[in-house]
Participant: 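Before we start, here is the structure in question, set down as structure tokens.
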Amino acid sequence: MNTPHVYKKIELVGSSQKNIEDAVNNAVERAAETIRHIRWVEVVETRCHVEENRIAYWQVTVRLGFTLEEE
């Protein structure tokens, strides 16, 4: 019998000088250092930091969902 999963969500902001995808990956990779069982990512907001009239880096707010461990 399959046990229904219970998920927890956290919100993070990843950044990258290259692009949006790298910003998301940076957030996920960093979270994975301390969180197990990450199952999904929801992109909530995308923005850019501007310096001297140019995009200096991307900032992406994400919600990560992960399953709670069985006791």
Participant: Mind checking ring pair (Phe, Tyr, Trp, His ring centres under 6.0 Å) for H49 and listing every partner two or more places apart, or none if nothing turns up?
Facilitator: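 Scan of H49 (ring pair (Phe, Tyr, Trp, His ring centres under 6.0 Å), adjacent residues dropped) gives Y57.
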Participant: Determine whether V24 and I55 fall in the same hydrophobic cluster, where Ile, Leu, Val, Met, Phe, Trp and Tyr are linked whenever their side-chain heavy atoms lie under 4.5 Å apart.
Facilitator: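 Hydrophobic grouping puts V24 with I55.
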Participant: Quick check on R39: does its CZ atom have over 12 non-hydrogen neighbours (other residues, nucleotides or ligands) under 6.0 Å away?
Facilitator: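 Enclosed.
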Participant: Please report the closest heavy-atom contact between S15 and N26, naming both atoms and the distance.
Facilitator: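 Nearest heavy atoms, S15 then N26: O-ND2, 2.8 Å.
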Participant: Heavy-atom distance under 4.5 Å between the side chains of T61 and R47, does that happen here?
Facilitator: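 Yes. Closest side-chain heavy atoms under 4.5 Å.
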Participant: For E33, does the CD atom have more than 12 heavy-atom neighbours from other residues, nucleotides or ligands under 6.0 Å away?
Facilitator: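 Check passes, neighbour count above 12.
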Participant: Partners of R36 by side chain to side chain donor-acceptor pair (under 3.5 Å), sequence neighbours excluded?
Facilitator: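 Side chain to side chain donor-acceptor pair (under 3.5 Å) list for R36, sorted by chain: E69.
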Participant: Quick one: closest heavy-atom pair of F66 and I10, and the distance?
Facilitator: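 Looks like CE2-CG2, 4.0 Å.
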Participant: Considering all heavy atoms of both residues, which atom of V62 and which atom of A27 are nearest to each other, and what is their separation?
Facilitator: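 Closest pair (atom of V62, atom of A27, distance): CG2-CB, 4.0 Å.
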Participant: V41 and side-chain contact (heavy atoms from CB on, under 4.5 Å): which single residue from N25, L64, L12 fits?
Facilitator: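 Among N25, L64, L12, the one that satisfies the side-chain contact (heavy atoms from CB on, under 4.5 Å) with V41 is L64.
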Participant: Which residues satisfy the side chain to side chain donor-acceptor pair (under 3.5 Å) test with E11, sequence neighbours excluded?
Facilitator: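 Partners of E11 by the side chain to side chain donor-acceptor pair (under 3.5 Å) criterion, ordered by chain and then number, come out as R63.
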Participant: Side chains of V43 and I20: closer than 4.5 Å at any heavy-atom pair?
Facilitator: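 No - every pair of side-chain heavy atoms lies 4.5 Å or more apart.
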Participant: Quick check: closest heavy atoms across N19 and W58, and the distance to 0.1 Å?
Facilitator: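 Heavy atoms only, the tightest pair is CA-CD1, 3.5 Å.
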Participant: Kindly give the heavy-atom pair with the smallest separation between S16 and A23, and that separation in Å.
Facilitator: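 Nearest heavy atoms, S16 then A23: CB-N, 3.5 Å.
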Participant: Please step through side chain to side chain contact (heavy atoms under 4.5 Å, CB included) for the pair H37 and Y7, ending with a clear verdict.
Facilitator: CA-CA 10 Å; H37 312 296; Y7 297 91; over 6 Å; no
Participant: Would you find more than 12 non-hydrogen atoms of other residues, nucleotides or ligands less than 6.0 Å from E21 atom CD?
Facilitator: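 Open: at most 12 neighbouring heavy atoms sit under 6.0 Å from CD of E21.
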Participant: Establish whether V13 and V44 are linked, either directly or via other cluster members, by ILVMFWY side-chain heavy-atom contacts under 4.5 Å.
Facilitator: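 They do not share one cluster, since no chain of ILVMFWY contacts under 4.5 Å joins V13 to V44.
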